[in-house]
**Q** 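Take this structure first; my questions come after.
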Amino acid sequence: MVQATVHNVIKKEGESEEVGNQPTDHTQQIVWQTSTVTQQERFGLNGHKSCVLWLTGLSGSGKSTIAFAVERALLAQKIRSYVLDGDNIRHGLNKNLGFSKEDRQENIRRVAEVAKLFVDAGLMTIVSFISPYEEDRQMARMLFADQVFYEIYIKCPLEVCEQRDPKGLYKKARTGEISQFTGISAPYEPPVNPDFILETAHCSIEEAVEAILVLVKKQGEIDQ
């Protein structure tokens, strides 16, 4: 009943979306609605610019720990930010996706589109996803203007990640309890040309956070 009411309202107001037999190419029926508030106005309100810090790496490399530590450090500097974490997103938006190559691709496509909206809203957006395929990461990058998307490779040897194994996933992957696990039964393609590399087997969380803050300050995303 609610759905029918919404459709009726849309039809009465003459919007592009219609009820009933919709063509396969639905893009013919939709038009981007431009806000009267510009991104520059949001920057002015926030007191800083926005960008995407895309953290990629194996499970156990330290992506999530670093991402949330960066978010905390930015908050201390009164900079609005938000972490889009791979596990968290799979609890909601991407809960219907598995771990096939096709589902992993859709996983990245969706979070990249969300990150694009967050950047437009003026937030420093920190994406913490394994994102194992170079093609998918490049697809995400293409959604953004130059010097807005920063690919940060959280580099850590597989044996170190497996030794850490904070969620016990490597052990399950080795015994066959988990299939299609990145680094064991599914591939990870290291970034070809990342914007920054953090070798977490040789640095502390504090050092990693400081390095990322230096990066965004150097790029002019936040004040020195």
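Note that the structure is a prediction, hence the values are computed from the model and not measured. Along the sequence shown, the residues carry numbers beginning at 1.
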**Q** Met124 versus Val70: any side-chain heavy-atom pair under 4.5 Å?
**A** no
**Q** Are Leu123 and Leu143 connected into the same hydrophobic cluster when the rule is that any two of I, L, V, M, F, W, Y join if their side-chain heavy atoms are below 4.5 Å apart?
**A** yes
**Q** Does atom CZ (Phe144) have a neighbourhood of more than 12 heavy atoms from anything else shown, all under 6.0 Å?
**A** yes
**Q** Should Leu55 and Phe118 be counted in the same cluster of Ile, Leu, Val, Met, Phe, Trp and Tyr side chains packed under 4.5 Å apart?
**A** no
**Q** Might you point out which heavy atoms bring Arg110 and Leu97 nearest each other, and give the distance in Å?
**A** NH2-CD2, 3.8 Å
**Q** Should Ile152 and Leu215 be marked as a side-chain contact (heavy atoms from CB on, under 4.5 Å) after you check the CA-CA gap, both sets of side-chain angles, and the distance that decides it?
**A** CA-CA 10 Å; Ile152 301 175; Leu215 170 69; 4.1 Å; yes
**Q** Are Ile130 and Met139 connected in a single hydrophobic cluster, I mean Ile/Leu/Val/Met/Phe/Trp/Tyr linked by side-chain heavy atoms less than 4.5 Å apart?
**A** no
**Q** Locate the shortest heavy-atom distance separating Cys203 from Ala208; write the atom from each residue and the value.
**A** SG-CB, 4.2 Å
**Q** Determine whether Phe129 and Val111 make a side-chain contact, defined as any pair of heavy atoms from C-beta on separated by less than 4.5 Å.
**A** yes
**Q** Quick one: does any side-chain atom of Lys63 pair with a main-chain N or O of Gly57 as donor and acceptor, under 3.5 Å?
**A** yes
**Q** Should Ile66 and Tyr150 be counted in the same cluster of Ile, Leu, Val, Met, Phe, Trp and Tyr side chains packed under 4.5 Å apart?
**A** yes
**Q** When rounded to the nearest 0.5 angstrom, what distance separates CD in Glu134 from CZ in Arg141?
**A** 8.5 Å
**Q** Can you name the nearest heavy-atom pair linking Ile178 to Ser185, along with the distance?
**A** O-OG, 4.4 Å
**Q** Is there side-chain contact between Phe149 and Cys51, with at least one heavy-atom pair below 4.5 Å?
**A** no
**Q** I'd like to know if the side chain of Thr182 pairs up with that of Arg104 as donor and acceptor (distance under 3.5 Å, no hydrogens or angles considered).
**A** yes
**Q** For the side chain of Gln147 and the backbone of Ala145, is there at least one donor-acceptor N/O pair under 3.5 Å apart?
**A** no
**Q** Should Gln77 and Lys217 count as side-chain neighbours, where that means a heavy-atom distance under 4.5 Å?
**A** yes
**Q** Determine, stepwise, if the pair Cys156 / Glu199 fulfils side-chain contact (heavy atoms from CB on, under 4.5 Å).
**A** CA-CA 6 Å; Cys156 188; Glu199 298 195 27; over 6 Å; no
**Q** Identify the heavy atoms of Ala69 and Val209 that sit nearest to each other, and give their distance.
**A** CB-CG2, 3.4 Å
**Q** Ignoring hydrogens and angles, tell me if any N or O in the side chain of His48 forms a donor-acceptor pair with the backbone of Phe43 under 3.5 Å.
**A** no
**Q** Walk me through whether Tyr82 and Val114 qualify under side-chain contact (heavy atoms from CB on, under 4.5 Å).
**A** CA-CA 11 Å; Tyr82 195 84; Val114 172; over 6 Å; no
**Q** For the CD1 atom of Ile108 and the CD atom of Glu135, what is their distance to the nearest 0.5 Å?
**A** 12.0 Å
**Q** Count the heavy atoms of every other residue, nucleotide or ligand shown that sit under 6.0 Å from CD of Gln163, and state whether that count exceeds 12.
**A** no
**Q** Is there a path of hydrophobic side-chain contacts, each under 4.5 Å between heavy atoms of I/L/V/M/F/W/Y residues, joining Val160 to Phe181?
**A** no
**Q** Does NZ or CZ of Arg90 lie under 6.0 Å from the centre of the six-membered ring of Phe99, at an angle within 45° of the ring axis?
**A** yes
**Q** What is the distance from atom CD1 of Ile184 to atom NZ of Lys171, rounded to the nearest 0.5 Å?
**A** 14.0 Å
**Q** Any side-chain donor paired with an acceptor under 3.5 Å for Glu177 and Thr175?
**A** yes
**Q** In Å, rounded to the nearest 0.5 Å, how long is the span from CH2 of Trp54 to CD of Glu151?
**A** 9.5 Å
**Q** Looking at every heavy atom in both Ala121 and Arg42, which two are closest together, and how far apart are they?
**A** O-CD, 3.5 Å
**Q** May I ask you to decide if Asp87's main-chain N or O and Asp85's side chain share a donor-acceptor pair within less than 3.5 Å?
**A** yes
**Q** Is there a donor-acceptor contact under 3.5 Å from the side chain of Glu210 to the main chain of Glu207?
**A** no
**Q** Can Arg137 be said to sit on top of Tyr188's aromatic six-ring, NZ or CZ under 6.0 Å from centre and within 45° of the ring axis?
**A** yes
**Q** Would you sort out whether Leu84 and Ile126 count as a side-chain contact (heavy atoms from CB on, under 4.5 Å), showing the intermediate values?
**A** CA-CA 6 Å; Leu84 297 171; Ile126 308 159; over 6 Å; no
**Q** As an exercise, state the distance from CG of Asn107 to CG of Asn94, rounded to the nearest 0.5 Å.
**A** 4.5 Å
**Q** For the residue pair Tyr133 and Gln105, establish whether any side-chain heavy-atom pair is separated by less than 4.5 Å.
**A** no
**Q** Please check if any side-chain donor atom of Asp136 sits under 3.5 Å from a side-chain acceptor atom of Ser131, or the reverse.
**A** no
**Q** For a quick test of reading the model, state the closest non-hydrogen atom pair linking Arg174 to Leu158 and the distance between them.
**A** NH2-CD2, 4.4 Å
**Q** Taking Gly122's backbone N and O only, do any of them form a donor-acceptor pair with Arg80's side chain (distance below 3.5 Å, no angle check)?
**A** no
**Q** Say whether, by atom type as modelled, one donor and one acceptor occur between the side chain of Thr56 and the main chain of Tyr153 under 3.5 angstrom.
**A** no
**Q** In Å and rounded to the nearest 0.5 Å, what is the CG to CG distance from Leu74 to Leu53?
**A** 7.5 Å
